Amino acid sequence: MKLLKYCLGVPLFFALSISAQQTTNNPSTIDISGKVSNEKGETLANANVAIKNGKGTITNAQGLFSLKNVPSNSTLLVSFIGYITQTVPVKGQSKFTFILIPAVNTLDRVVVQAYGITNDRIRTGNIGKVTAEEISKQPIMNPLDALQGQIPGAIVSRINGYASGNIKVEIRGRNTINPNISSDPLYVVDGVPLTILDLKGSENYNNGSQGVIQSGIPSPATGQSPLFSINPSDIESIEVLKDADATAIYGSRGSNGVILITTKKGSSGKSKVEMTFYSGVTSVIRYYPLLNTQQYVEMRKEALINDGIPIDQATAPDLLIWDTSRYTNWQKYLWDRFGKSTDANISLTGGDNRTSFRLSGNFHSQSDILAIKGSNLRGGGSLNLNHKSANKKFLIGLTVSYSLASVNTANNPVAISLPPNAPPAYDQFGNLNFSGWTPLNDLYPFTYLLQEYSAKTNYLNSNLTLTYEILKGLSLKTSIGYSNTQSTQDNKIPIKSQDPLYNPTGTASHGVSLVKNYIVEPQLEYSTFIDRGKLSAFIGSSFQSNNTESSLSNGFFIPNDALLSNIGSAPTQSTDFTTAQYKYIALFGRINYNWTDKYILNINIRRDGSSKFGSGRRFGNFGSMGGAYIFSNSNFIKSHLPFISFGKLRASYGTTGGDQIPNYQYLSSWTFRPQQYNNSQVLNPNRHSDSTLQWQVNRKLEISATLAFFNDKLSLEVSWYRNQCNNQLVAFPTPLITGFNQVYSNSPANVQNTGLEILLQGKPFRTKQFQWTTKLNIGINRNKLLSYPNLSQSPYASQFKIGEPLNLSKVLRVLGVDPNTGLYIFDDPNEDDHVNIKQSLSENDDRYFLDRSVKFDGGFTNSITFRNWSLDLFFYFKKQLGVKALYSIGAFPGQIANQPIEVLNRWQKPGDIATVAAFTTNPTDSYINFQNYSDGIYTDASFIRLQNAVISYNLSDKFLRKLGLTKCVLNLKCQNIFVITKYKGADPEIQTGTQLGNPRIITAGISVNF
Amino acid sequence: MKKTILIIFLSHFLLYGCQKIIEINPPSNSITTPEVFANASQAKSAMAGVYYNMVNDPNWFSGSQITYLSGLSSDELELFNLNDQVVTPFYKNELLSSNSYINTLWKSAYSSIYSCNSIIEELSKTNTIIDSIKKELIAEAKFVRGFCYFNLLNLFGPVPLVKTTNWRNTNLLGRSTKEDVYNFIIEDLLFARDQLSSDYSFSNQERIVPNKWAASALLAKVFLYTNKWREAEIESTNVIQTSGLYQLVDLNNICIPNNGEAIWQLKQQPLQTNLFASPIGVTFIPVSVNSNIAPKYIITQGLINSFSVQDGRRMAWIGNTIYTPNGSLYRFPYKYKTGRGQTNGQYTEYHTVLRLGEQYLICAEAKYNQGNISGSIQDLNKIRGRAGLTLLPLNLSQTQAFDSLVNERKLELFGEWGNRWFDLKRWSKATEILSPIKGVTWQRTDELYPIPISETQINPNIKQNDGYN
């Protein structure tokens, strides 16, 4: 604690005292003064005015500056983030008015960083950015979809095709061996962390968290992404913070990276109305080709004959009791329809020099491609207000966003594997056809068709910032944020959705999840010039509180479907209330010193306390140091490599932490259940606990080079990183004999991610008629378990291997199908003529480790504008292995379940060379080993997808004037147009046969400004 | 300037005070372990939780799982539909360690053991609960713990003996020996027998919480399984005679709540699909008889044939249904009369764990093994008499007596708690009897179920049973 005070305090005092000393006289110098403003006439505070290779100063709140003893033959550099730097010779002049022009190239545009802004030229950390323009091209509902393939090193994947569903985000690889912790980064929306506590322990690495659905009601989309409530059109930019320099200031929560979402702000000038509208259709991209009835019947009969089983009503009810002349393509039955997608936005911006505002309203509707139902609606509005006092010393900014989202959908019946001759889903009276499916009633999956799931989510996010300039360069700022997400879910299981044979009764559930986040962050900022360099320092503290609570009411035995909406009428009811609280406190600071835009040093420090840990273990220190060297200012580059317009080397190292575990894990506790036994309320133990839980620490190292060519028309950033994560928080697997299968604990595992990220972007051609913008990015990550003391005596002994990646499967190598027996044969490295599958590593095991990590992914965007037309194409590509879709269902070719047409290449008689083993209804070890323990179920699931294509037409000025408009664009936006892949299932990204795939969305729209 | 310093210092003070700021309320819906055991009512709730799970959770060994799974593994039951990938391997004795019911059998037993361990540990520490209640609850917990280990041992062979809730001490435990596990069980049950009350006063005269006689009854069974004939005879005789609480009842009433034969029953809660029916009734009784719904579990012809025509149990305990699609007759266990969806807000049956009938058979076998054949036949005749069979003469030869004993256990205890499966194994008759029925799929190593794969994967010290991966 004392050390921290020293670290933060001393440089600040040091800086203050130096700045007061700079007064010397020189006869050939003059005193200058002036004002810096932008093209709208708004004055710019804290802009830099520096003498080239000399001292400098900053402007005050009114945009005024003065510099004494300026050599009269020197040159002034005037700069402000987001604007083009002006170079002006003094020439003896003493009064200046600088009007800065906003920058359009990627190097100089504003990049939001933690508690401030920067740009690509001077930043010392790794920050990826997606702009409003890039977001607006995609007809998407969840803003996270816009990140896919845009930021190297951030892998964004959809868990399922439901519009409201979860989206998994992983930045720079998997950090922890814990399968129960999601890879989600910290989301900060307008300064307010979007934290939702996992109340039901349902979060995991593969599927992320349940998001706003915390009541325990199972949502068909396996949760609801919290960002589903945020309107993509209101977003000004999304920044992805990756390395230590960019994330260390978020301390304990920066280990998985940070995503900053900044909404659009008001701007002064003439009031402007912007309206956009698009509407279109959604549809399925592809289906999985499966057997038709004739092929299915052939497969089944062959399997029974192979097994020597007589074909009778008991062994083959699907052939002898069901009608084998029927054929249904169950995938098409469920998914083949056009859904609708509609989006409308309107915003009004305006203001004067002291006050500006933006007011917007929006609506989006999108249907899921389930044939029965699936509607997603969102409507909302946002307000941003900025005001400056007359002396411009006091600034106030307020942002409020509100949205109401409604999801009405159903579970996706697991129908892909149904026999193609299965009876109809409905009988002739329009009721669910339970009796028609006898005797295979167990297979009937369509009960979901009549079960209703709906969720309504209110989301409010607000942030108030107050800034007061105490002295020139010194200001006090306080940011106060509040967000509130309330979601209600209803799930109804009516009598009519159940088999009448069992005298069913109805069940209704009503769940409410409530998430409240408060944050107060007082900060003190100071900036000044010290000699030729600019020092910026700030110190702040953060007080946060999060409350997540849920309640669930269930009504059972409801005798009449009309009463389902009234749980109070149910003869038996149960309720459950769960709440969790998370508090967080931190002190943080940053010192940045920029020496003539040539050498930049940046230091972040944070001390954090979190309530996730027991007392005595709550606080941790985190920090980072980053530096940049801009070498393009050297004479060598200027004279020998003039095409390099900018060159920067930067490096950073630091620590961030993680406390991503459920609350109260350090406490041993029991929970009451609503039932009784022997007149006592039932209590059950919850979990193992570990009172010694503490922070997980990530050490992040990054080295990066940025080059820009041809007057910054094209820029290239190449970054290499190495992250190590140890003292990991894991759900340590415990054998069931201990009572529970896991305990949250710190693990000695040290996991390393190294990777390379390449980002090439720019506007290589830019004339009045023709413009070409391009962006190519690739992220490659390699992950390995660096060390694990005594791994062989740990629960991970059979799961991980030191030096190997974490996403491993231990599998037998399939050599093919034995031409003599028709069974799968496997590689036998220990040559004992026996397939050995041993769980303990000490014994012989014929399996090898198969790495299932994503090898690389990236995006390639090109936009071409010619006169009034423009075309955008964005390809997303990903190299990965995947599970063959039908194995997720688990049936063997020959059993009562449909199969992909590939199975027809099966073994039938001795001598056959086949890829699929003989059909069977009765799988023996060879089949079981194949499906459970072999590499035969994995396949290349790499793909290239035309993720987004937009054609737009800008109405010419002549028309616009006639119509009284300032801008009018007609566009055709398409999402997920086609996929190129060797993968056989419906969607190589969502690799299960049971979930909805990503829909194709084609929309036509118009955007009007006036 | 001074302001700045002030603010910096202020922030620092705030941070010193922040230990307080980040205190959060304890979770609202749960209570910490020490709080649970700070008062008697909550401690009772903890024990209530153990019983509740044992009977209501469909994934608990003690619901119906142990009964139908071991019935399939032995010669009692077969399956109507062999397409079920989870249950069929039990019937074919071709289990994999990844079988999900193997996992639930194991997991549920150890989960109950955890709760019992916690109750025993915490009650021994607390001093805010009066001794009589403490003793009662500890004894109940030890009884249930012993019951769980008894079943684990007979399903999986020697298992790890977990005696504490502290995972750091148990997560690398290997197996104990069979002898150690039995000694531990006996120790627990002796404690329970000596501490539990001799009536049902702790459960309002309902027989839903184990008492002294339940402990004796289970002890008798454990002594029988460990060839401690004298002790087995003493304990079973205590239940039969000394207690004065139990008598054989009509064959149709052996499962009704608190019937005279019941020593320990578990009271199920009405659940969504099961209404008030017991877990066994739900499992065995088809939703409608003589319809196109077949029973899932069918009594084997071999077992049917073992009943003589006069045997009242054949009528009372075996249900018949004609499966309309093929007109065949199928038979299912019918000791419980109420199945899924058949009650209207009434408990007609409780889940019966220990009953007097079994005690007569234990006593008979214990006497037989001490050479008291006539005493043994007298006990067998109690059971035969109730079933409406002719009584056996007291002068049977040793072989005849043993065969009658084997047969009587088979008929009286079928479809109950894996008795047949366990008997075949302890009499070393499993291979002799099952091999001809099951054919090539039967192997000697099938007598023990595999340890769940998840256990051998994460605990390097636990060895898999022979014959499994």
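Predicted, not measured: the structure shown is a model, and the values here were computed from it. Convention: sequence-line order gives letters A, B, ...; per-chain numbering from 1.
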Could you pull out all residues at least two apart from A/Tyr582 that satisfy ring pair (Phe, Tyr, Trp, His ring centres under 6.0 Å)?
-> A/Tyr584
Plane angle bin for B/Trp167 and A/His688 - parallel if under 30°, tilted between 30 and 60°, otherwise perpendicular = tilted
Would you say B/Tyr110's side chain and A/Pro735's backbone share a donor-acceptor pair under 3.5 angstrom?
-> no
Would you mind checking which part of A/Ser545 comes under 4.5 Å of any heavy atom in chain B, side chain (CB onward), backbone (N, CA, C, O), both or neither?
-> neither
Under 4.5 Å from any heavy atom of chain B - which part of A/Ile737 = both
Do B/Glu206 side-chain atoms and A/Asn678 backbone N/O form a donor-acceptor pair below 3.5 Å?
-> no
Counting only heavy atoms closer than 4.5 Å, note whether A/Asn679 contacts chain B via side chain, backbone, both or neither.
-> side chain
Could you tell me which portion of B/Asn461 (side chain, backbone, both or neither) has an atom closer than 4.5 angstrom to a non-hydrogen atom of chain A?
-> side chain
Contact part of A/Gln793 toward chain B, heavy-atom cut-off under 4.5 Å: side chain, backbone, both or neither?
-> both
For B/Tyr323, enumerate each residue passing the ring pair (Phe, Tyr, Trp, His ring centres under 6.0 Å) test, keeping only those at least two apart in sequence or located in another chain.
-> B/Phe80
Check whether A/Ser794 gets within reach of chain B through its side chain, its backbone, both or neither, counting any heavy atom under 4.5 Å.
-> backbone
Residue part contacting chain B, namely of A/Pro923, when any heavy atom lies under 4.5 Å | side chain
Examine whether an atom of B/Ile293 lies under 4.5 Å from a heavy atom of chain A, and if so say whether it belongs to the side chain, the backbone or both; otherwise answer neither.
-> side chain
So, the part of A/Ser668 with a heavy atom under 4.5 Å from chain B: the answer is both
Is it the side chain or the backbone of A/Gln681 that comes within 4.5 Å of chain B heavy atoms, both, or neither?
-> both
Is the side chain of B/Ser45 donor-acceptor paired with the backbone N or O of A/Leu683 at a distance under 3.5 Å, no angle test?
-> no
